[in-house]
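Note sheet for the following structure.
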Amino acid sequence: QVQLVQSGAEVKKPGASVKVSCKASGYPFNRSTMHWVRQAPGQRLAWMGWINAVDGNTKYSQKFQDRVTITRDTSASTAYMELNSLRSEDTAVYYCAVGAFDYWGQGTLVTVSS
Amino acid sequence: DIVMTQTPLSSPVTLGQPASISCRSNQSLVHSDGNTYLSWLQQRPGQPPRLLIYKISNRFSGVPDRFTGSGAGTDFTLKISRVEAEDVGVYYCIQGTQFPRTFGQGTKVEIK
């Protein structure tokens, strides 16, 4: 069955970077796409970006464009989301989701605090 | 960006009674390939979101048939025929027609 397993919770200081991983199994990762979505406390889901695992092509939300980088390692069936210049407003749960949001990771809580 | 607007934002429902959620987009969600990429997600408390419905009306694997999606163009609806206790949570519509993908604000379904 399809599984997306994300890396564990992180606590970061303002200005730092965080890199969240999403390891996929149960489907052909290198023929798929992966989204990253975040959910800040009490807020709606927010789409951050997407990667096509076939060719590494990416698309990003303008809101995060200059701070986020999504990559993949097809040999490890893993996608990554790196967010730079963290601020307190980036405190949120970050999710990966495959394809047309068919399956989701369990979420990774990133806390930004001095 | 396409703006997705859900109503109501909160829906208190009696067990066994129906519930209905509306989702409207500010532009047509019909893709150039002829498909309409409107999906519905359910997020139970403390859980990640889960896909319920894709392309307006297609139930995802394992989704009970009490969930029904309908609509066209810019106007869509999710109906739960008889609400059960396990249906408590927040429901989101999402459009997959254009980048950036955009979500509705979410509708909280709770038991009266």
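- Other residues, nucleotides and ligands place no more than 12 heavy atoms under 6.0 Å from the CD atom of A/Gln62.
- Contact annotation for A/Ala46: only backbone heavy atoms (N, CA, C, O) come within less than 4.5 Å of a heavy atom of chain B.
- Between A/Arg44 atom CZ and B/Thr102 atom OG1 the span is 8.5 Å, to the nearest 0.5 Å.
- Interatomic distance, A/Met48 CE to B/Arg101 CZ, rounded to the nearest 0.5 Å: 16.0 Å.
- Looking at A/Tyr103, only its side chain comes within 4.5 Å of chain B, counting heavy atoms on both sides.
- Using a 4.5 Å cut-off between side-chain heavy atoms of Ile, Leu, Val, Met, Phe, Trp and Tyr, with links allowed through other members, B/Leu15 and B/Phe67 fall into the same hydrophobic cluster.
- Side chains of A/Leu45 and B/Leu41 form a contact here, defined as non-hydrogen atoms less than 4.5 Å apart.
- A single hydrophobic cluster is not seen to contain both A/Val20 and A/Tyr80; linkage of ILVMFWY side chains at heavy-atom distances under 4.5 Å, directly or through other members, places them apart.
- B/Leu9 and B/Val3 are not part of a single hydrophobic cluster, where members link through side-chain heavy atoms under 4.5 Å apart.
- Here the CH2 atom belonging to A/Trp50 is positioned 4.5 Å from the CZ atom belonging to B/Phe99, to the nearest 0.5 angstrom.
- Of all the heavy atoms in A/Tyr95 and B/Pro48, the pair that sits closest is CE2-CB, 3.4 Å.
- Looking only at atom types and distance, the side chain of A/Gln39 has a donor-acceptor partner in the side chain of B/Gln43 under 3.5 Å away.
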side-chain contact (heavy atoms from CB on, under 4.5 Å) evaluation trace for A/Val37 with B/Phe103: CA-CA 10 Å; A/Val37 174; B/Phe103 295 87; 4.0 Å; yes
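- Contact annotation: the side chain of B/Ile94 never approaches that of A/Trp47 to less than 4.5 Å [non-hydrogen atoms, C-beta and beyond].
- The shortest non-hydrogen separation linking A/Asp102 to B/Phe60 is O-CE2, 3.5 Å.
- Counting heavy-atom neighbours within 6.0 Å of B/Arg82 CZ, excluding the residue itself, gives a total of 12 or less.
- Looking only at heavy-atom pairs under 4.5 Å with chain B, the residue among A/Gln43, A/Lys63, A/Lys59 that has the most is A/Lys59.
- More than 12 non-hydrogen atoms from other residues, nucleotides or ligands lie less than 6.0 angstrom from CZ of A/Arg67.
- In terms of non-hydrogen atom pairs under 4.5 Å with chain A, the most contact-rich of B/Pro49, B/Gly106, B/Ser39 is B/Pro49.
- When hydrophobic clusters are built by joining Ile, Leu, Val, Met, Phe, Trp and Tyr residues whose side-chain heavy atoms come closer than 4.5 Å, directly or via intermediates, B/Val30 is not grouped with B/Phe76.
- Hydrophobic clustering, with ILVMFWY side chains joined whenever heavy atoms are under 4.5 angstrom apart, keeps A/Val5 apart from A/Trp36.
- When heavy atoms are compared at a cutoff of 4.5 Å, A/Phe101 approaches chain B by way of both its backbone and its side chain.
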